[in-house]
Protein chains: 2
Amino acid sequence: MINSRKTPVPMKQESRKQEIVNAAAILFKEKGYSAVTMRDLATAMGIKAASLYNHIQSKQEILSTIIIELAEEFTTGMNQIVNSDHSAIQKLENIISLHIDVTLRNSDGLASLNNDWMHLEEDNLLYFEKMRNDYEENFRQIVISGVNTNEIKPNNIEIIVFSTLSTLRTLYLWYPKQKNIEADMLKKDMISVLLKGLV
Amino acid sequence: MINSRKTPVPMKQESRKQEIVNAAAILFKEKGYSAVTMRDLATAMGIKAASLYNHIQSKQEILSTIIIELAEEFTTGMNQIVNSDHSAIQKLENIISLHIDVTLRNSDGLASLNNDWMHLEEDNLLYFEKMRNDYEENFRQIVISGVNTNEIKPNNIEIIVFSTLSTLRTLYLWYPKQKNIEADMLKKDMISVLLKGLV
DNA sequence: GTCTATAGTAGGATAGAC
DNA sequence: GTCTATCCTACTATAGAC
């Protein structure tokens, strides 16, 4: 709920809810959704558990806020890439770039997206699974078109899709540990390693 | 139920505990350690929760049985590879092979090793973390030696280590979905994709 | 080896005072 | 917006009968 007051306010509404969501993402990353209690979260916020419910409706709402927002970000980014008229290799480079951008902006939330999506309920679970499947299928089709145009070596398609996606999906685990690496350098090196190989 | 008789039987002791551990690994893979209850596990085994405690001491013991055994398997395998006199590339190929072998044998347990190790307690947590750090450091040193002998392109070392390990560590998520791929073919293709690149 | 019954604790969430 | 108090449910684990 954005701007739910009588007097209109310039910007940055609902920041208390966002603070809770951000704090929750950090805890979910450390222990997983199921192992984090509302009391843990309240302690991290410096308040009591009951007070959380003035800002959020349920623990489940926190999880879906984290995950659905990120999944939509990936979906939007992928759609732009798919609808561009770049080569397959350029599209893959843009996908790597997309993952790095999202990881820099919200690496905590990506932990939930990767490990706790199965705790989403009802419609949100179905919605997430559809976005995830579509994302993978778009990725696969880009790889296939790259093989067809001889841009990509004709290895087993599924292994290419899996190995590349698994690296991009676990960036969130690794990036925060790297102290002195800039986004542009990271993109360049990831493209080099993922697309051009080690040897 | 195997071997539940008065007369002693040659081999395969404690199989009831192993059945419980195996059933638990499947459930832990689906929902994570914290979200799986002893009632869930008992239902999967076709008994009541209280009956589980005739075979195991605690839920925690199940988790540590799954994880520590696998971690020791990786540690043993890595030590053999490190102490061999192969080239860096050959060592990396053997590491890929090790991961594929372990994944084929126990892909369910690998989910716990990857996602639920932080729920280990006390000594087991420290023991696990030491094995994991040592494993990564051994991996890193092999990559470094490969760069020094010009076997491996001098990209950012950490990116090479991270991208390769993240693919190998998430094999368990992907392999069971592949119907018609044999271990040898998988090894060959993984080596090709991970070491020689896509382009 | 499995059962019923239950102890003891901790979880998500609500009511109502301030 | 936060608090205290509390409800109700569900959890891990134990005791003791069969």
Sidechain N-carboxylate O distance under 4.0 Å for Asp184(B), Lys188(B): no
Between C1' of dT4(D) and CG of Leu52(A), the distance in whole Å: 15 Å
Selection residues 138-170 of chain B - residue pairs positive for ring pair (Phe, Tyr, Trp, His ring centres under 6.0 Å), sequence neighbours left out: Trp174(A)-Phe162(B)
Atom NZ of Lys153(A) with >12 non-hydrogen neighbours under 6.0 angstrom: yes
dG1(D) OP1/OP2 closer than 4.0 Å to side-chain N/O of Ser51(A): no
Between Thr149(B) and Glu151(B): side-chain donor-acceptor atoms closer than 3.5 Å: yes
Any donor-acceptor N/O pair, Asn114(A) side chain to Thr170(A) backbone, under 3.5 Å: no
With sequence neighbours excluded, residues passing side-chain hydrogen bond (donor to acceptor under 3.5 Å, both in side chains) with Glu69(B): none
Euclidean distance, atom CD1 of residue Ile47(A) to atom C1' of dT4(D) [Å, nearest integer]: 14 Å
Nearest-Å distance for atom pair NZ/C1', residues Lys48(B) and dT12(D): 16 Å
Atom pairs and distances, side-chain donor-acceptor, residues 91-98 of chain A, under 3.5 Å, sequence neighbours left out:
| unit_1 | atom_1 | unit_2 | atom_2 | d |
| --- | --- | --- | --- | --- |
| Asn94(A) | ND2 | Gln90(A) | O | 3.4 |
| Ser97(A) | OG | Lys187(A) | NZ | 3.0 |

Within the sub-3.5 Å range, which N or O atoms of nucleotides 11-15 of chain C have a protein N or O partner, and how far apart are they?
| unit_1 | atom_1 | unit_2 | atom_2 | d |
| --- | --- | --- | --- | --- |
| dG12(C) | OP1 | Val36(A) | O | 3.4 |
| dG12(C) | OP1 | Lys59(A) | NZ | 3.1 |
| dG12(C) | OP2 | Met38(A) | N | 2.7 |
| dG12(C) | N7 | Arg39(A) | NH1 | 3.2 |
| dG12(C) | O6 | Arg39(A) | NH2 | 3.2 |
| dA13(C) | OP2 | Tyr53(A) | OH | 2.8 |
| dA13(C) | OP2 | Lys59(A) | N | 2.9 |
| dA13(C) | O5' | Tyr53(A) | OH | 3.4 |

For Thr37(A), side-chain hydrogen bond (donor to acceptor under 3.5 Å, both in side chains) partners two or more places apart: Asp40(A)
Contacting residues from residues 20-29 of chain B, given that a heavy atom lies under 4.0 angstrom of DNA chain D: none
